[in-house]
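Read through the structure below, which is laid out as structure tokens, and then see the notes.
Letters A, B, ... mirror the listed sequences (proteins, then strands); counts begin at 1. Not measured: the values here are computed from a predicted model.
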Amino acid sequence: MSNEERFNPHVADARWQNIWEERSSFVADDNSTKPRAYVLEMFPYPSGRIHIGHVRNYTMGDVLARYKRMTGHEVLHPMGWDAFGMPAENAAMEKNVHPGGWTRDNIANMKAQLKRLGFAIDWTRELATCEPEYYGHEQALFLKLYAAGLVYRKESAVNWDPVDMTVLANEQVIDGKGWRSGAPVERRKLSQWFLKITDFADELLTGLGSLDQWPDKVRLMQENWIGKSQGLKCTFRFPGGNGGIDVFTTRPDTMFGASFVAIAADHPVAQKLAANAPDLQAFIEECRKGGTTAADIETAEKRGFDTGLTVEHPLDASWHLPVYVANFVLMDYGTGAVFGCPAHDQRDLDFARKYDLPVTRVVGDGDLTDSSFAGDIAFTGPGTIVNSRWMNGMTIDQAKADVIARAQAEGWGIGQTQYRLRDWGVSRQRYWGTPIPIIHCQTCGAVPVPDDQLPVTLPEDVSFDIPGNPLDRHPSFSKVDCPSCGQPARRETDTLDTFVDSSWYFIRFASQPHDKPFDRTVAEKWLPVDQYIGGVEHAILHLLYARFWTRALSHIGLIDVKEPFASLFTQGMVTHQTYQDAKGSWLSPDQVRREGDIWTIIDSGAQAVAGRIEKMSKSKKNVVDPDDIVDQYGADAVRWFMLSDSPPERDLEWSEAGIEGCWRFVQRLWRLTAQVSGADGADKALDRKTHQVIAGVGADIEALAFNKAVAKIYDLANIIEKAAPSASRDSAIRTILLLSSPMVPHLAEEAWTQLGAELGGGLIADAAWPAVDPALLEEDEVTIAIQVRGKLRDTLTVAKGLPQAEMEALALASQKVQIAIDGSDIKKIIVVPDRLVNIVL
RNA sequence: GCGGAUGUGGCGGAAUGGUAGACGCUACAGACUUAAAAUCUGUUGUCCUUCUGGGCGUGCGGGUUCGAGUCCCGCCAUCCGCACCA
């Protein structure tokens, strides 16, 4: 055995990466007859550098992909780039570069970084969403959805920066002000394109039921996002019978507790009144200040404007309620109007207290049944209906049913299912995105770009020296003739939300013909994705949009896949300690050094403060560049670190000590593989342990419990090291190499070659996962616990399968147990076979 | 505001309702070495102790159970998402 003393990743990593590439080891074969496995990690945005979070994400997917290959699967494990988006335009503005050049440079850099980590990726399927060969097909799909009536246009609010005269993303609104101009933002209406995701609300909700390989929390979040609720839609008529205000409520049972009706600032009634009421107009303007996010709107101070109008209570026409315009009522949800029942809704109560409106209890709270309601905390719990005429004594559900039935019988309302989900607005007033393939014609209206004119490509000659969308001011981009009538027309200059790009890339990975978005037969062979891995921050939007897009394609007959991701895993973030100097400026980890319990700044010797452990971010300087650590420790140690210790769904703290430990283990594994002795003889205990670990590691990898798989490998390594040479030990060494090969593939290949003389060569990447011999798993002895009154008093090692009576007898024979019993009466004895005996006194 | 999660030694974490702390890191002691690194061997929740053991311990307060880190109820703290960031 001519093993080097140390494993040298600086030579080995690149060597094996080249060999895998030359042999096309990880290129997926569409025509394979093996069982398929499609392993996919969420593709990255090409920001410039890979960050540790990417490394963690792709290492997990890689281990699974390599494991699946070893267990006989044809594996599709592709990689691409979510390449459109705002950062490229920001870079264009700041550095005076073209978004395309900037993005493509970033892709080249990040690809090189990824390659150094030795991922088993099929690079022949690489794609970037910013290339016409991708987004052109996306435009074609968009037009198919348009033709199917799933795309429409409507007015919708955006954040408007009144100084820069431009639309801002939510991210660009900081404390209600534009990030560049500092001007308070306003909500402004624009005509925009929408996808009818609400048509699929019920399907998307029901479909969650079939996703049993998704985390419960993600399904729950999607369920809440879709927000199906049953309620009553009814009309509060204007006195005199001339129309009224439609209201949706999920609490018709509290109808007799109503004390006002509130409508959105954008409600037609408010708009109409404002035309002749300058103070109402001013209030509506006031409501339009601030950002468009839910958090902005809902945490804003609740404010209202008394319109002076009144409406009749539907259950008693003689009872009139005041109508307010209120800033917390959303035009986008329900009917844009609510009735307020302050006693049983916190927001309504806050509002009622502020404007001194009546508060009447209509749901009893224990002994509290009086119609007066004290305090500032609404009662939303269960109870019995009170102060509600004929409904008194009903349960909440009975009262709901009663009011809905009455409304329908009397014709003033109807029971309705309502969704919180809104249609998906896909228009973006930005350059760096997929152009929306529509032409606006004075006479023909919105006309789709004909197929033979696709793709609509982005012009390269654009400038970012002034705010706004460069496509709007481009000399020729928008000037086209109408495809329908030939008259001069205007090309749509909005681009698509980047979430559209990421809603079908997994289909394009599976099949990427030149002349169409995908080949249906090939795509259906691979889909759905067997394992999808990514950050939990995508739990709602991306995953819901991708599910919708796939269903929409299925709906129009392009593909027979309903749910794109059979199994989903959401991984945690990578965090790192932060450091600050005495003035509070952030310091990077390599600027400080630890001396005992004190951190000092290396350059100045001044004291530093070790702060919180937080998500890595450039602003806090607690970032670690994957390139640097791969330079230092090699790919395998970094990969091993990503998998060790922290459960993959939780946050992982990066630490120097941790990576050092991983480096030592890689070397330890290397030394272990040099210990194949050629000795004879079996070591039964070691064989059993080895096979238990084979079974355990396989199960852990399938469950993505990498930290547990790693612990089992450590455990086996400890035991092999202590074992005397034998054939069993040699076999255990080869086994531990196979088991760790998905995690540390470079070391595994290198060591496998060293052992190759005995094994006939070949790549470990192509080797089969070791088989478990169930006969070897059986233990013949077990250690049982003896408890007295539930407390551990002794442990005994007994033959496996010992009859209960004998376990009981052995337990009672124990000296320690007798001391603990101390002559007391035994009430009963609980015996769990092969586990424990509990003596109850 | 609404929604989702998390909480176990000095640290990351293990534990089908059945021996809490596997495995790793750190720290300490010892071996090897001229020395250091590397490596190897131990110890490492806490308090008491006659050294044999015993008490207490899984964010806090209750409950169910022969038995609770695990199940139920109520708190506290922290983190994440909220529709134009990706």
[N]: pairing nucleotide in any strand, Watson-Crick or G-U under 3.5 angstrom:
N      : answer
B:rC11 : B:rG24
B:rC2  : B:rG81
B:rG74 : B:rC60
B:rC32 : none

RNA chain B: A:Cys662 or A:Lys722, which has the more 5' nearest nucleotide? A:Cys662

Taking for A:Asp216 and for A:Tyr714 the nucleotide of RNA chain B with the nearest heavy atom, the one nearer the 5' end belongs to A:Asp216

Please report the distance, rounded to the nearest Å, between [atom1] in [X] and [atom2] in [N].
X        : N      : atom1 : atom2 : value
A:Arg219 : B:rG81 : CZ    : P     : 22 Å
A:Gln787 : B:rG67 : CD    : P     : 10 Å
A:Asn57  : B:rA86 : CG    : P     : 18 Å
A:Phe665 : B:rU26 : CZ    : P     : 15 Å
A:Trp663 : B:rA38 : CH2   : C1'   : 12 Å
A:Phe43  : B:rA86 : CZ    : C1'   : 10 Å
A:Asn224 : B:rG4  : CG    : P     : 5 Å
A:Ile226 : B:rG81 : CD1   : C1'   : 16 Å

Establish, for the pair A:Lys228 and A:Tyr419, whether the NZ or CZ atom is under 6.0 angstrom from the six-membered ring centre and no further than 45 degrees off its axis. no

From [options], pick the nucleotide closest to the side chain of [X]?
X        : options                : value
A:Arg420 : B:rA83, B:rU19, B:rA86 : B:rA83
A:Ala657 : B:rA5, B:rU26, B:rC84  : B:rU26
A:Asn159 : B:rC23, B:rC84, B:rA86 : B:rC84
A:Leu792 : B:rG24, B:rA86, B:rU19 : B:rU19
A:Ile540 : B:rG81, B:rC25, B:rA83 : B:rG81
A:Asp645 : B:rG4, B:rA14, B:rG24  : B:rG24
A:Met86  : B:rC85, B:rU19, B:rA83 : B:rC85
A:Pro87  : B:rG24, B:rA86, B:rC84 : B:rA86
A:Leu541 : B:rC23, B:rA83, B:rG67 : B:rA83
A:Val832 : B:rG18, B:rA5, B:rG12  : B:rG18

Heavy atoms under 4.0 Å, any strand shown: does [X] hit a base, just sugar-phosphate, or nothing?
X        : value
A:Asn718 : sugar-phosphate
A:Phe328 : nothing
A:Thr783 : base
A:Asp82  : sugar-phosphate
A:Ile830 : base
A:Ile786 : nothing
A:Gly227 : nothing
A:Ser655 : nothing
A:Lys827 : nothing
A:Trp424 : nothing
A:His542 : nothing
A:Pro44  : nothing

Which whole number of Å gives the distance between the [atom1] atom of [N] and that of [M]?
N      : M      : atom1 : value
B:rU34 : B:rG42 : C1'   : 26 Å
B:rC23 : B:rU44 : P     : 12 Å
B:rA77 : B:rC60 : P     : 15 Å
B:rC85 : B:rU16 : P     : 41 Å
B:rG63 : B:rG17 : C1'   : 16 Å
B:rG55 : B:rU64 : P     : 24 Å

Ring centroid separation for [X] and [Y], is it under 6.0 angstrom?
X        : Y        : value
A:Trp424 : A:Tyr545 : yes
A:Trp640 : A:Phe665 : yes
A:Phe351 : A:Phe328 : yes

For [N], does either OP1 or OP2 sit under 4.0 Å from a side-chain N or O belonging to [X]?
X        : N      : result
A:Arg664 : B:rU26 : yes
A:Ser644 : B:rG24 : no
A:Lys708 : B:rA15 : yes
A:Arg428 : B:rC84 : yes
A:Arg650 : B:rG13 : yes
A:Asn707 : B:rA14 : yes

Which residue is it: A:Phe499, A:Tyr134, A:Trp432, A:Tyr431? I am looking for the one with a ring-ring contact (aromatic ring centres under 6.0 Å, His included) to A:Phe84. A:Trp432

For [N], does the base pair up with any side-chain atom of [X] as donor and acceptor (N or O, under 3.5 Å, distance only)?
X        : N      : result
A:Arg430 : B:rC84 : yes
A:Gln429 : B:rC84 : yes
A:Gln192 : B:rC84 : yes
A:Asn838 : B:rC66 : yes

Note: A:Asp715-A:Lys689 ion pair, threshold 4.0 Å (strictly below): yes

For the pair A:Asp497 and A:Arg428, find out whether any cationic side-chain nitrogen is under 4.0 Å from an anionic carboxylate oxygen. yes

Should the ring pair A:Tyr505 and A:Tyr532 be called parallel, tilted or perpendicular, given that the plane angle runs from 0 to 90° and is split at 30 and 60? tilted

Any luck finding a side-chain donor-acceptor pair between A:Asp472 and A:Thr493 under 3.5 Å? yes

Using a 3.5 Å distance criterion without hydrogens, assess whether the side chain of A:Gln818 forms a donor-acceptor pair with backbone atoms of A:Leu812. yes

